[in-house]
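Note that the structure is predicted; figures quoted are calculated from it, not measured. In what follows, chains are A, B, ... by sequence order, proteins preceding strands, each numbered from 1.
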Amino acid sequence: MKKKIGVYICHCGGNISDYVDVEKVRQAVENEGGVFLSKTTMFACADSNQKDMVSDIKEKQLDGVVVASCSPKLHLLTFRGVAERAGLNKYNYVHANIREQVSWAHSDNKTGATEKAIHIVKAAIAKVRNAESLEPVKVQSTKAVAVVGAGVAGMRAAIELAEAGAEVFLIEREFFVGGRVSQWDDLCITDETGKELITRLYDRVMQHKHVTLFTGAEIVENKGSVGNFEIKVKVTPRHFKLQCSGGELQKAIDVCPVEVPDEFNFNITKRKAIYHNYPSEYPQLPAIDMKTCTRCGKCEAVCNAVDFSQKTEYLNIKVGSILLATGFDPYEPPKGEFGYGEIDNVITLPQFKRVIHYNDKRLIWQGKEVKNIAYIYCVGSRQLNGDNKYCSRYCCTSTIHTAITAKNKYKGIHNFHFNRGIRTYGKAEVRYDESSRLGDVYLQSFEYDPPVVEARDGQTFVKIKDVLTANKELEVAADLVVLVTGMVPRKDNSIAGLLKVPKGRDKFFNEIHMKLRPVETVIDGVTIAGASQGPKNIMESMNSALSAATKSFSLIDSGELALEPTVAVVNKEACEWCGKCDEACPYSAFEKVEKDGKMIAKVIPSVCKGCGMCLPVCPSNALELIGLSDHDVESMIDVLIEKDTV
Amino acid sequence: MAGGKVNNSPKILVFSTEKISDPAIDMAGLLKLHYPPTVYTIPVPCSSAIKPRWIMHALEQGFDGVFIAADGTDCPYGESCTTKTGEIVRETMEQLKEKGMDPARLKMAAICSVCSEPFVKHVKSFAEYLGKEKEVNAVE
Amino acid sequence: MQQENRKLNFDVLVVGGGIAGGESALNLANLGYKVLLVEKELSIGGKMILLSKVFPTLDCAACITTPKVSEIARHPNITIFTGAEAKNITKKGEHQFEAVVLKKPRYVVVEDCTGCQLCEEACPVSVTDEYQYGLAGRKAAFIPFSIASPRAAAIDIENCILCGACERACPTNCIDFTQTEEEVLVKIKSVVVATGFNLFDPLKIPRYNYGKAKNIITSMQMERQLAPTRPYNTILRPGDGKMPDNIAYVLCTGSRDKSIGNPICSQICCMYSIKQAQLLMGALPMADVTIYYLHIRAFGKGFNEFYAQAQDMGVEFVKGKVGKITEKENGNLMLRYEDIEAGVVKEAEHDMVVLSVGVLPNMEISESFKTEKLALDPFNFVNQSDVLASPAKTSIEGVFVAGTASGPMDIPDSILSGGAASAETTSYLRRASL
Ligand SMILES: Cc1cc2nc3c(=O)[nH]c(=O)nc-3n(C[C@H](O)[C@H](O)[C@H](O)COP(=O)(O)OP(=O)(O)OC[C@H]3O[C@@H](n4cnc5c(N)ncnc54)[C@H](O)[C@@H]3O)c2cc1C
Ligand SMILES: Cc1cc2nc3c(=O)[nH]c(=O)nc-3n(C[C@H](O)[C@H](O)[C@H](O)COP(=O)(O)OP(=O)(O)OC[C@H]3O[C@@H](n4cnc5c(N)ncnc54)[C@H](O)[C@@H]3O)c2cc1C
Ligand code: SF4
Ligand code: SF4
Ligand code: SF4
């Protein structure tokens, strides 16, 4: 039982003290059993207060500490650190959340908030009174990282990790690397094309002996946790031998009778079941899409590199950390949205980029030359009624860039931009300015009054009430309507479920904290990068990829991890091995051992995750979780139910 | 006691989960979504770690209700969580019935990490129910 | 002044102790590299430590910055020089740099100062406080602000009259007028440039009458009024101390304006103005807030939702270009603006105007590089030599850039950019040891 507990109650610069009378809270708890010192402070987390706490703990020999401030998700570790620096074992620290769950939640009721804060601080004191010093459980961690997705973000992260000294497994679901960027020709910001950038990154990936690239590969199973994830990777064969001479390959493609829409070109062209995306892609080896291949054997007959005997392989790999860079999908408008799928000269921006790629001298769509292009912005983003409330960030800039490209590449192009307020943020603003100078026409509406696309008399019209000309109704006859589709999460994002990575309101992967821990997830050891976390352009994807690589690497760098010692323990007297705990534990953390002539359960601390699933199943109540014992919980309950003091 | 409006609201103990529902409850505060200040939380690692005896203890000591903000299918410790938490609720309700206590004083709902609004709705309607029960009991 | 020469060795020199430089320094220190962090101001934390709450989550800026700052301050692998500037940075070869760091005297022994503020009380000289962006006064002996790191006094020698009052008041005798400027020669293996941005000075747009009309303030001044470490305990018009109830924001002040030489968008001012508007609605429930904008750049994660939230709260958004601001006798302000939706020029009266000033490059650091030139981009930010594949790379191998030194960005992006710079530095340093 502790006798010298220090209690610190934070104003949080008004965030708390505007609604909770912190001085009253202090007075209410100063005479609680074991409390030796109680203080209020403007910012508990500020360096000066931390220093004060350290000297209090040292000088007054405090044996337990409570800070009542913001959520423990923000500062539990901060104050545990304070305890440690003062020489007090950090498990003698208990955190009380009186901001998120008190002052902010009850800003409408100051008396109630103050009362609740008092109870919560008392409960924390009750808990710290029983607290014991604990030592972390040390585990070896594997100095390897699995990077999922070989788009620009994944490849860049893989390079960085390898250069820092980690073993890297780069796992790409498609048969070819590069992700979305390989689908774009010219990019904004620089003169480099998407393919050139991918080539550059791929070369660096392949140079590294510490990067192993798997294509056609996916994680299908995951066991273990930070430091030691055991993943199972399913590698689908491309049914091609490594060596093959180009001539026969083209023959094989020619003879393949199966034609399917080519997703690489966003279905504006078709490809065969045996295919490659573009001539110089990586790896430079075609693949057979077994989902559509009819096994007719025609390709095998003309090309001896085709190999139908290759089998799906499953590899078990052990890694210390997993970095997710699975990217995004372009929004696919439902049939009828702005005429998409109904009027044949309505296409999406990604499709338009492919159309430009395939048209050299003149811009032709469906046999007709295109002169007037109407771009409709924010399709699938900034939805008033749909789920996608967010702005997709890249698209204003990318559309303007593409419009300028079209104008420079073909003669006589007129661009009409039907936007909702152009968001060429930062340096991209000069592109917007440039396009205006080139004569592009901008027409604007708001979310609630979008433009309308109509097919009439063999022509397609886009109509808008233009904000920029005092809401005049204007109409443009367009040869091509380009829907500026936003970014949405990958359709198949099952990897999130497999790894238990949470998603945000926008359904992209969610970070723990946008500013404090922007590339980490609540699942220890799993980091996120690139557009899988939310819309990003390439530079922003790179920054997050490099940051995530740093975080993943620092986890595994030392080869050893200190894990939380808050694991389950078995009461040897009470346990009568029935095996129920063993059944309940999702991690197989139990062993059956003999002790004093009877069989009992034993917990392996490095395997136990401290989930507590075993606790309620034990018929003899022989299991407790350290830090959450019956005594801990029940003494907190006893205090929380006490009568109000104010 | 001075008639603060607070003290009449039923006291509810919420068992939240550290990684999933507690962040949602935090966010309810961040978004200033109000709920009665007589709602207290004790975070646990996972909703299938809650011992029925803790729930019984809370209800017997004077909490009007216990709300389990369960991990649901989002549980970082595996899919078995939903059934396990369900089992805990079933078992506790049985104990309540045996003791002649209203099993509706225990409530459970899955609260995902961004389910702030559903959380507030749940505790508000639970508080309303418990408040009515309290009145009825007071009259009796 | 006497000069003293010292020689020190580190792995990395990080120039600039804002959030971006801080993030880089921490990542590198956590991997075991020895870091020297040089900060020009008296406290680390950059602009962020002085902000109120931050978009789009509305966390309080101090709550996020202070723990990072204190983690940096006590990290065994990080040495911090505040009140210091990196002057001559020369590249001697790959993984060999030398820098001369000029440490200005603080006239206070930081280790001994307890931050008791007795010197402040004793000092008879009052001047305007630059950390409150001129909204309040401070003494010549002063602690920069309450959450500064280090939280220690400093003597503003330019305004000090050498009366010695502070020296007598100090209980720990930590005031030391014999301190002199020090030049420290440091040897490092690589450099991270995180020197941040400058704010646009609205005096450059005379038609807005900033500086003349008292109730026109900049967004940074409003930020200080809203911050927990604010100068007044509420929101006031500086002209007469009245609580405003009809506040206007003028966006794009000093941005997207070729006439003042800055064609680019500052990328943060739309969002911080929307944030301030929301905070004002909270602090002054009766007040009207109108935002005059050209385009609202609510592009990042959660931003558009944040914008919608402001509209729902009743913040007025007017698509309009403000031409001129004039002061009325009662201190109120007349805004002449082109209402773009209506297509006419209108006038509106407000009792306080906030100019949402833009982000300008801080170019001085490029002059510190002596042998090889640190190239700047067309807008005078540090040039990113491989912006698509290695955004932190600069024109000099071994010198990396972090945060707003390379262009406008918000805090999350600055932190990611800081992370990227530390990653590139790590692999550069690793090549040295191979
Ligand atoms: C039309 C358009 C134009 C654009 N133009 C530009 C531009 O000019 N400049 C610019 O800076 N940005 C541009 N962008 C943005 C750019 O495309 C993105 O920033 C970039 O693609 C993000 O890279 P990423 O690696 O995060 O994701 P992606 O490119 O989507 O790559 C993700 C990779 O992960 C793989 N993957 C997904 N799930 C799994 C799984 N479960 N297992 C294994 N692998 C998986 C995918 O197959 C893919 O290879 C544009 C975007 C669009 C839509
Ligand atoms: C009014 C306002 C409100 C804002 N609100 C928000 C918000 O709500 N949310 C958000 O995300 N962002 C916001 N921002 C943006 C945010 O301030 C920046 O993104 C962030 O501060 C950038 O950090 P930095 O480290 O790059 O630069 P800075 O903060 O500028 O830090 C640079 C540091 O380097 C030092 N330095 C400069 N030159 C030298 C030199 N030669 N030698 C040594 N040191 C030097 C400076 O003193 C400074 O400490 C706001 C900005 C403003 C102006
Ligand atoms: S970037 Fe532009 S087009 Fe894309 S969603 Fe945002 S505002 Fe709309
Ligand atoms: S707490 Fe129990 S169920 Fe959970 S991992 Fe540990 S032993 Fe297994
Ligand atoms: S962010 Fe908004 S206010 Fe700032 S320059 Fe860009 S458009 Fe103007």
Pick from B/Asp22, B/Ile50, B/Ile42, B/Val44 with the largest number of heavy-atom pairs that fall under 4.5 Å of chain A: B/Asp22
Taking the side chain from A/His106 and the backbone from B/His34, do they hold a donor-acceptor pair closer than 3.5 Å? no
B/Ile25 versus chain A, the contacting section by heavy-atom distance below 4.5 Å: both
Within-4.5 Å side-chain heavy-atom neighbours: A/Leu628 and B/Pro45: yes
Which value, rounded to the nearest 0.5 Å, describes the distance between A/Asn621 atom CG and B/Lys51 atom NZ? 3.5 Å
When the 4.5 angstrom heavy-atom criterion is applied to A/Asn15 and chain B, the contacting part is neither
Listed by chain and number, what are the salt bridge (charged side-chain N to carboxylate O under 4.0 Å, His left out) partners of B/Arg53, not counting sequence neighbours? A/Asp630, A/Glu634
Report yes if the side chains of A/Glu115 and B/Pro37 come closer than 4.5 Å at any heavy-atom pair, otherwise no. no
Are the side chains of B/Thr41 and A/Gln101 in contact, using a 4.5 Å heavy-atom criterion? yes
Looking at A/Ile637 and B/Trp54, what are the two nearest heavy atoms and their distance? CD1-O, 3.6 Å
Quick one: what part of B/Ala28 sits under 4.5 Å from any heavy atom of chain A, side chain, backbone, both or neither? neither
Should A/Val102 and B/Tyr40 count as side-chain neighbours, where that means a heavy-atom distance under 4.5 Å? no
Kindly write out the residues that satisfy side chain to side chain contact (heavy atoms under 4.5 Å, CB included) with A/Asn493, not counting sequence neighbours, or none if the list is empty. A/Thr326, A/Pro489, A/Arg490, A/Ile495, A/Lys503, A/Phe509
Minimum heavy-atom distance between A/Ser71 and B/Asp26, given as atom pair plus value: OG-OD2, 2.5 Å
By a 4.5 Å heavy-atom criterion (distance strictly below it), what part of B/Ile20 contacts chain A: side chain, backbone, both, or neither? neither
Might you confirm whether atom NZ of A/Lys110 has over 12 heavy atoms from other residues, nucleotides or ligands at distances under 6.0 Å? no
B/Pro36 portion near chain A, given a 4.5 angstrom heavy-atom threshold: backbone
Heavy-atom pairs under 4.5 Å with chain B: which of A/Arg99, A/Arg505, A/Glu100, A/Met636 has the most? A/Glu100
With a 4.5 Å heavy-atom cut-off, do A/Pro616 and B/Pro52 have their side chains touching? yes
In terms of heavy-atom contacts, does CD of B/Glu117 have more than 12 from other residues, nucleotides or ligands at under 6.0 Å? no
Quick check on B/Lys32 against chain A: is it the side chain, the backbone, both or neither that has a heavy atom closer than 4.5 Å? both
Side chains of A/Trp104 and B/Leu33: closer than 4.5 Å at any heavy-atom pair? no
What part of A/Ile512 gets within 4.5 angstrom of chain B, counting heavy atoms only: side chain, backbone, both, or neither? neither
Could you tell me if B/His57 and A/Asp638 have a donor-acceptor pair between their side chains, going purely by distance under 3.5 Å? yes
With only heavy atoms counted, which part of B/Cys112 is less than 4.5 Å from chain A, the side chain, the backbone, both or neither? neither
Atom group of A/Glu564 that falls short of 4.5 Å from chain B, counting heavy atoms: neither
Just jot down the ring pair (Phe, Tyr, Trp, His ring centres under 6.0 Å) partners of A/Phe508, sequence neighbours excluded, or say none. A/Tyr390
Among residues 11-19 of chain B, residues within the sub-4.5 Å heavy-atom range of chain A, in order of number, are B/Lys11, B/Leu13, B/Phe15, B/Glu18, B/Lys19
